[in-house]
2 protein chains.
Amino acid sequence: MISKKMHEYVKNSSVIRAMFEEGRRLSTIYGAENVYDFSLGNPNLEPPTEVKKAILEILNEEAPTTVHGYMNNSGYEDVRETIAQSINRKFDTQFHKENIIMSVGAGGGLNVIFKTILDPGDEVITFAPFFGEYKNYVANFDATLLVVPPDTETFQPNLEIFESYITKKTKAVLINSPNNPSGVVYSESTLQQLADILYQKQKEMDTTIYLISDEPYRELAYDGIEVPYPTKYYDNTIVGYSFSKSLSLPGERIGYLVIPSEVDDFENMISAANIATRILGFVNAPSLFQKVAAKCLDAKVDLEYYDRNRTLLYDSLRSFGYECIKPQGAFYLFVKSPLEDDGAFCAKAKEKRILLVPGSSFGCPGYVRIAYCVAYETIQRSLPSFQALMEELK
Amino acid sequence: MISKKMHEYVKNSSVIRAMFEEGRRLSTIYGAENVYDFSLGNPNLEPPTEVKKAILEILNEEAPTTVHGYMNNSGYEDVRETIAQSINRKFDTQFHKENIIMSVGAGGGLNVIFKTILDPGDEVITFAPFFGEYKNYVANFDATLLVVPPDTETFQPNLEIFESYITKKTKAVLINSPNNPSGVVYSESTLQQLADILYQKQKEMDTTIYLISDEPYRELAYDGIEVPYPTKYYDNTIVGYSFSKSLSLPGERIGYLVIPSEVDDFENMISAANIATRILGFVNAPSLFQKVAAKCLDAKVDLEYYDRNRTLLYDSLRSFGYECIKPQGAFYLFVKSPLEDDGAFCAKAKEKRILLVPGSSFGCPGYVRIAYCVAYETIQRSLPSFQALMEELK
């Protein structure tokens, strides 16, 4: 009685649910502290203190009918202007409130922009490894996600193959930097080359190709590395941002889209994105947290904590013989599977109570993702098991 | 460059935007207090005091990583169980947390359930007058909304015509009581007859037809009238609820779906709705307000206020010669247009700075909707204009 499409999803989801149930089972037998769950990208850090302070200020100072009420589907105008000015200060851009649409997290924002631009049969290109949910988001609008195979040397996008994927059907290119699952930050040179290719192809084929940059991990970058702002390289760029990781608020579903005035068909796109927010059932991004976000644009979770996790895990795994590149951002380590079959390796790891996600889920078989947004002590306790696992497989 | 579907929406939306702009223009010229805007269903009442109290309690007593973190896509288990038990106490039902899926408002919930059950080409039947957004929600999944014409005597569903609309393609029937825009509460006898027809048709055609009850106005019922709980009449009933109006929190996007264990294909439906919440980009209902809602299940906005508005407006308009039935719930009055063309009447009303919505927007031409969720004083000040308008048109 459920729809045919959802039937497929339900069939496939049972695998993930089984993994989740297995984690629970292990916790019951061995105690939660002896199960090393690196499978979830759920921030373990508290929001910065500014968040609670902002909530209290808003509740005490503003009219409740405004704080919790309807506003324009795109969000409060003052919130959008504040966000635009903050981006301008950080990246030397020229946005105004008209360029900002508040969204129900990054997932909500991506669905709004895909609803806005995709016709059935359109193609969206992304680069492996990639967040598996992208496939579902694109499928929601009967379009197809094409995945450019990974460059496993650098995990930067493979631009030569990318170029050969572009056709008249290409409506958008979707990038994610800092990347989930590789932790790589796409370099300025990558963005510049990507832009050159897109400009040339647009001209060649007389089409519009939007570059959509999914940036939930923008603020999570280490060693002082700069994450280039993509609208500066290519006019038809749309940014999807989320406060889920920067402020540790994933449950609150708050983010925004940036639609620069330079994009093709700007006026229609702004109207359409506004309408899409409404008709997809979001209606608007949660109102209180729009206001909270605007008050916390310079706040950030304790990045040092993730950095310490990153260093301990990277250094230790390397010393045990694991191969991986050092992540520059996000909170994931993407490790080469010692077994060719990444699923089989995850199963072996589970025997040692280490829960990982196979790279196949990110379009990159032969690798596994380790989410290190966990307690430092969990990583410490897990290390002997990681070492023993490698010894066994050698 | 925007999608073909969205192009249509953008074209049509310019009419609504024009109306909105006109309201703004009138406010600038005559002062906001001299423009009588009855066009928006935006609650003017403050949330009950329990809401702020609940927020503060949660922020002070619970771990911020839990309050603002990810949970199961269906929502916090304790919140869902609390809601289930509250419904059970009120309506003598037997729900458990498994039957409750937290949603991003009623709009989010309806999209989740339609994603769950609708295949392209399926049909959903609803009854005029109806909330215009339903058409868009159904179209999101390439299904069709069929609208049963209104019974303008009672504004109860026209069940004879309804029966003739049911075919093998009918996947769902969508009802809304207390109704937007008529304010009518569907009676127990209506629900019983509806159930009888659906049971018979299911048997006759060997299909499953879900009854979806959209209930954002459930708590807004006057004169002690009971709003029957629809799952008690028909097994394949799904309820969509929202706290937007009961707690005056429309901006926070918080509601839930009730999927009883008795519905056909229950296990798959629960899994599919959980997945749909994720892949549509909602991910989960906003986390803090899930917890707030669970603490405020017995709280309610000041219904007396709306009731006073209802009485003043109804009694006055009737005395001026307007025809309408007395609404039993919600905060709308659905008035017969003195001109056959409801759009023309709205234009005339606008000349008197009264902003209304034509019934054509609700599948019911010849009527207009007056939203009385406004200040009592606004209604008082508008009355001479309503009277003068009727005098002119007589």
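Note on naming: letters A, B, ... go to the chains in the order of the sequence lines (proteins, then strands), and numbering restarts at 1 for each one.
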Students often mix this up, so state it plainly: with edges at 30° and 60°, are the rings of A:His68 and B:Phe289 parallel, tilted or perpendicular? perpendicular
Side chain / backbone / both / neither for A:Lys135 at chain B, heavy atoms under 4.5 Å: neither
Residue part contacting chain B, namely of A:Glu46, when any heavy atom lies under 4.5 Å: both
Side chain / backbone / both / neither for B:Ile55 at chain A, heavy atoms under 4.5 Å: side chain
Pairwise distance CG(A:Asn140) to CG(B:Asn140) - rounded to 0.5 angstrom: 9.5 Å
Tightest non-hydrogen contact, residues B:Pro64 and A:Pro47, listed as CB-CD, 3.7 Å
Can you tell me how far CD1 of A:Ile2 sits from CD1 of B:Ile270, rounded to the nearest 0.5 angstrom? 11.0 Å
Can you tell which part of A:Asn72 gets under 4.5 Å to a heavy atom of chain B, answering side chain, backbone, both or neither? neither
If you count heavy-atom pairs under 4.5 Å with chain A, which of B:Lys5, B:Lys171, B:His7 comes out on top? B:Lys171
Can you tell me which portion of A:Ile279 sits under 4.5 Å from chain B's heavy atoms? Options are side chain, backbone, both or neither. both
Interchain contact, B:Glu252 with chain A, by part (heavy-atom threshold 4.5 Å): both
Using non-hydrogen atoms and a 4.5 Å limit, figure out which bit of A:Tyr210 sits close to chain B: side chain, backbone, both or neither. side chain
Nearest-0.5 Å distance that lies between atom CG in B:Asn42 and atom OH in A:Tyr70: 7.0 Å
Contacting region of A:Leu280 [heavy-atom separation from chain B under 4.5 Å]: both
Residue pair A:Asn284 / B:Arg253, side-chain heavy-atom distance below 4.5 Å: yes
Side chain, backbone, both or neither: which part of A:Leu56 has a non-hydrogen atom closer than 4.5 Å to chain B? side chain
Side chain, backbone, both or neither: which part of A:Ala106 has a non-hydrogen atom closer than 4.5 Å to chain B? neither
Spacing of OG1 belonging to B:Thr208 relative to CE belonging to A:Met1, to within rounding of 0.5 Å: 4.0 Å
What distance separates B:Lys115 NZ from A:Met6 CE, expressed to the nearest 0.5 Å? 6.5 Å
Contacting region of A:Asp142 [heavy-atom separation from chain B under 4.5 Å]: side chain
Within a radius of less than 6.0 Å around CD of B:Glu57, do more than 12 heavy atoms belonging to other residues, nucleotides or ligands occur? yes
Determine whether a donor-acceptor pair (N or O, by modelled atom type, separation under 3.5 Å) exists between the side chain of A:Asp119 and the backbone of B:Ser3. no
Which bit of B:Asn60 is near chain A, if near means a heavy-atom gap under 4.5 Å: side chain, backbone, both or neither? both
Given A:Asn111, A:Asn136, A:Leu110, A:Val112, the one with more heavy-atom pairs under 4.5 angstrom with chain B than any other is A:Asn111
Could you give the distance from CG (B:Leu249) to OG1 (A:Thr65), rounded to the nearest 0.5 Å? 11.5 Å
A:Thr116 versus chain B, heavy atoms under 4.5 Å apart: side chain, backbone, both or neither? both
